[in-house]
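Take a look at this one; I'll ask things after.
Numbering of residues begins at 1 and proceeds along the displayed sequence. Read the numbers this way: they start at 1 and go in the same order the structure lists the ligands and their atoms.
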Amino acid sequence: MSRIRTKKEAKGQEGNRPGEELRVLISHARIQKKVAEMAREIRRDFPKDSLHLIGVLKGSIFFLADLARELGGEVSFDFLGVSSYGKGTDSTGEVKLTKDLDLSIEGLTVLVVEDILDTGLTLKYLLKSFEERKPKHLRVAVLLDKVERRIADVKADYTGFEIPNEFVVGYGLDYDERYRNLPDVCVLQLGTRGKT
Ligand code: IMP
């Protein structure tokens with residue numbers, strides 16, 4: 001049964017499980033505004049280029065979709081999948097490609113589109129792999145950046161929001177594959193009852 005939500009609770013909160021509380025960190029309206037700003041900045045840097053966006057599955061899908069439509073001009077995209085290297089404690093930097101790109105990026109102006117930059121290990125691995133494929137330009141756009149969590153020496157060229165070290169879901173980001181469809185970015189708080 002759905003229940004009335006308070007102003008600060010996330011849209012879609014009705015779908016959460018007992019012990020899982022959501023608090024809106026960045027509203028959908030703020031995300032949309034920021035994505036449009038980022039698109040303008042990227043287009044200013046590459047006014048004439050055909051931009052090839054690479055989305056890292058699955059968290060980046062909404063960000064990529066919105067960014068692609070704001071960019072204007074010629075845009076193409078491709079996706080790749082990476083497996084998680086652990087549950088936050090493992091910092092070995094082991095990243096496994098679960099789905100490679102469909103298309104060659106040689107000679108293209110490539111924009112890697114990531115949902116969130118955390119330790120940076122995934123991005124470091126990806127950039128190394130992409131550089132070997134000889135793109136003309138290689139840039140990175142991330143929506144969220146948990147700066148204080150960084151282990152790898154990597155930086156995004158375009159960043160939406162710097163956020164504190166809290167676990168966030170929504171706008172593509174998941175917890176156990178859930179909450180990706182929330183329009184806002186929300187902090188997920190696990191109560192004493194924890195996961196059910
Ligand atoms: P990194 O290699 O530690 O930078 O990890 C990046 C990936 O970890 C992201 O693409 C997300 O899939 C995942 N991740 C990191 N922080 C969060 C979070 O707060 N919520 C959901 N996924 C996260």
Verify whether one side chain among Y179 and E20 offers a donor that lies under 3.5 Å from an acceptor in the other.
-> yes

Closest to atom 18 (C) of ligand 1 by heavy-atom distance, out of Y175, Y125, F167, is F167

Heteroatom proximity flag, V168 to ligand 1, N/O under 3.5 Å = yes

Atoms of ligand 1 less than 4.0 Å from E114 heavy atoms?
-> 10 (O)

Value rounded to 0.5 Å, distance of CG in L143 from CG in D115 = 8.0 Å

For ligand 1, is I116 a contact, meaning one of its heavy atoms is under 4.0 Å away?
-> yes

Salt bridge (Lys or Arg N to Asp or Glu O under 4.0 Å) pairs touching residues 44-55, sequence neighbours excluded, are D49-K136

Sub-4.0 Å heavy-atom approach of E166 to ligand 1 = yes

Can you check whether V154's main-chain N or O pairs, donor with acceptor, with K124's side chain at less than 3.5 Å?
-> no

Is there a heavy atom in L173 that sits closer than 4.0 Å to ligand 1?
-> yes

Could you list the atoms of ligand 1 found under 4.0 angstrom from a heavy atom of D174?
-> 21 (C)

Look only at the side chain of R180 and the backbone of Y171, and say whether a donor-acceptor pair between them is shorter than 3.5 Å.
-> no

Option set T122, L121, V95, criterion heavy-atom distance to atom 5 (O) of ligand 1, minimum = T122

ILVMFWY network linking F79 to V95, side-chain heavy atoms under 4.5 angstrom | no

Below 4.0 Å from any atom of ligand 1, is there a heavy atom belonging to G120?
-> yes

Does ligand 1 have any atom sitting under 4.0 Å from a heavy atom of K146?
-> yes

Sequence neighbours excluded, every pair satisfying side chain to side chain donor-acceptor pair (under 3.5 Å) that has a member inside residues 51-60 | H52-S76, K58-E177

